[in-house]
Participant: 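Quick one: structure below, then a few questions.
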Amino acid sequence: VTGLPAIGMIPLLTGIMDRRQMGRFMAHKPTSTVVEAVRNLRTSIMLSDVDHPPKIVCVTSSIPAEGKTTTAIWLAQNTAMSGQKVLLIDCDLRHPSVHRSLGLANDISLVELLSNTSSLEDAVSHDEESGLFVIVGKETHGNSMDLLASNHMKRLLDGVREHFDLIVLDAAPVLALSDAR
């Protein structure tokens, strides 16, 4: 439909799982077909430019509740569990949920980091189970688009690019909000 190649498909999980179970699925079900599909997605992304694989990947969706946060978490965890140093940043500042999925506090988040009220060291959490590093999001009533489009965000990404093999951005849905654009 879009004229662009599909780089992967992740099967729909059925059954009742809460957000925390979904966030831990990668580590708890490593031989499942879903985990294999995420591995295939990761491989497709890395092979999209063999000589210069992407360092920053943004995961978004058309509308809310299509699985973008779950996909971002799984992609980041899968890459971290393969031995790479990975940073996941929750950039959905209208409806952040990475912290709930991973059971992390969001007292110090991307909002504080971009507002210069926190340091990078204080804002980064480490998920021991997967080896993933995380900057959580926090709902902001200010203009989240201004924070995400700021020079501070650009400097943050430029800075962390030097220390991580992959940075995964969990962005807001593109049709619902202007933030991801």
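Each residue takes its place number in the sequence, starting with 1.
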Participant: Side chains of residues 161-171: which donor-acceptor partners sit under 3.5 Å, not counting sequence neighbours?
Facilitator:
| residue | atom | partner | partner atom | Å |
| --- | --- | --- | --- | --- |
| Asp165 | OD2 | Lys85 | N | 2.7 |
| Asp170 | OD1 | Lys68 | NZ | 3.1 |
| Asp170 | OD1 | Thr69 | OG1 | 3.3 |
| Asp170 | OD2 | Thr69 | OG1 | 2.8 |

Participant: With sequence neighbours excluded, tell me which residues meet side-chain contact (heavy atoms from CB on, under 4.5 Å) with Ser101.
Facilitator: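 If we apply the side-chain contact (heavy atoms from CB on, under 4.5 Å) test to Ser101, skipping adjacent residues, the hits are Arg19, Ile73.
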Participant: Using atom types as modelled and distance alone, determine if a side-chain donor or acceptor of Glu36 lies under 3.5 Å from a backbone N or O of Ser32.
Facilitator: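 Not confirmed, Glu36 side chain does not pair with Ser32 backbone.
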Participant: Looking at CG of Leu41 and OG1 of Thr79, how far apart are the two atoms once the value is rounded to the nearest 0.5 Å?
Facilitator: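 These two atoms lie 8.5 Å from each other.
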Participant: Using the side-chain contact (heavy atoms from CB on, under 4.5 Å) criterion, which residues pair with Pro30? Sequence neighbours excluded.
Facilitator: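 side-chain contact (heavy atoms from CB on, under 4.5 Å) check on Pro30 returns nothing, list empty.
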Participant: Please confirm whether the backbone N or O of Thr117 pairs with a side-chain atom of Ser115, one donor and one acceptor, at under 3.5 Å?
Facilitator: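 No, the answer is negative, given that no donor and acceptor are paired below the 3.5 Å cut-off.
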Participant: Less than 4.5 Å apart, side chain to side chain, heavy atoms only: is that true for Asn40 and Ile7?
Facilitator: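 No; the side chains remain at least 4.5 Å from each other.
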Participant: Is it true that Met26 and Leu88 fall in one hydrophobic cluster, defined by side-chain heavy atoms closer than 4.5 Å?
Facilitator: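 Yes, Met26 connects to Leu88 through the hydrophobic network.
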Participant: Look only at the side chain of Asp90 and the backbone of Pro96, and say whether a donor-acceptor pair between them is shorter than 3.5 Å.
Facilitator: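 No: the side chain of Asp90 does not pair with the backbone of Pro96.
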Participant: Sequence neighbours excluded, which residues qualify as side-chain contact (heavy atoms from CB on, under 4.5 Å) partners of Val174?
Facilitator: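 Only Thr60, Ala180 meet the side-chain contact (heavy atoms from CB on, under 4.5 Å) criterion with Val174.
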Participant: Could you tell me if Ser109 and Glu112 have a donor-acceptor pair between their side chains, going purely by distance under 3.5 Å?
Facilitator: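 Ser109 and Glu112 do have a side-chain donor-acceptor pair below 3.5 Å.
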Participant: Find the distance between CG (Leu87) and NZ (Lys55) and round it off to the nearest 0.5 Å.
Facilitator: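 Reported to 0.5 Å precision, the distance equals 11.0 Å.
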Participant: Kindly compute the distance separating CE (Met153) from CG (Asn151), expressed to the nearest 0.5 Å.
Facilitator: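 Taking CE in Met153 and CG in Asn151, the distance rounds to 12.0 Å.
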Participant: When rounded to the nearest 0.5 angstrom, what distance separates CG in Leu13 from OG1 in Thr70?
Facilitator: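 Nearest 0.5 Å value for the CG-OG1 distance: 8.5 Å.
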Participant: Check whether any side-chain N or O of Trp74 sits under 3.5 Å from a backbone N or O of Gly23 as a donor-acceptor pair, and report yes or no.
Facilitator: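 Not at all, since once roles are kept as given, no pair shorter than 3.5 Å links the two residues.
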Participant: For the atom pair OG (Ser118) and CG (Leu113), what is the distance rounded to the nearest 0.5 Å?
Facilitator: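 The distance works out to 6.0 Å.
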Participant: Give a yes-or-no answer on whether the side chains of Ser119 and Asp122 include a donor-acceptor pair shorter than 3.5 Å.
Facilitator: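 Per modelled atom types, Ser119 and Asp122 side chains form a pair under 3.5 Å.
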Participant: Any salt bridge (Lys or Arg N to Asp or Glu O under 4.0 Å) pairs touching residues 21-35, not counting sequence neighbours?
Facilitator: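 As it turns out, the salt bridge (Lys or Arg N to Asp or Glu O under 4.0 Å) pairs with a partner in residues 21-35, which skip direct neighbours, are Arg24-Asp127, Arg24-Glu129.
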Participant: What do you reckon, is NZ of Lys154 surrounded by more than 12 foreign heavy atoms closer than 6.0 Å?
Facilitator: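 Counting other residues, nucleotides and ligands, NZ of Lys154 stays at 12 neighbours or fewer.
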Participant: His152: which residues meet the ring-ring contact (aromatic ring centres under 6.0 Å, His included) condition with it, sequence neighbours left out?
Facilitator: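 His152 satisfies ring-ring contact (aromatic ring centres under 6.0 Å, His included) with no residue once adjacent residues are dropped.
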Participant: Answer yes or no: is there a donor N or O on one side and an acceptor on the other, between the side chain of Arg39 and the main chain of Asn78, under 3.5 Å?
Facilitator: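 Absent.
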Participant: How many angstroms lie between atom NZ of Lys138 and atom OG1 of Thr140, to the nearest 0.5 angstrom?
Facilitator: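 Going from the NZ atom of Lys138 to the OG1 atom of Thr140 covers 9.0 Å.
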Participant: State, with a plain yes or no, whether a side-chain heavy atom of Leu102 is found less than 4.5 Å away from one of Val136.
Facilitator: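 No - every pair of side-chain heavy atoms lies 4.5 Å or more apart.
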Participant: Group every Ile, Leu, Val, Met, Phe, Trp and Tyr by side-chain heavy-atom contacts under 4.5 Å, then state whether Ile56 and Met46 land in the same group.
Facilitator: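 Looking at the clustering, Met46 is in a separate group from Ile56.
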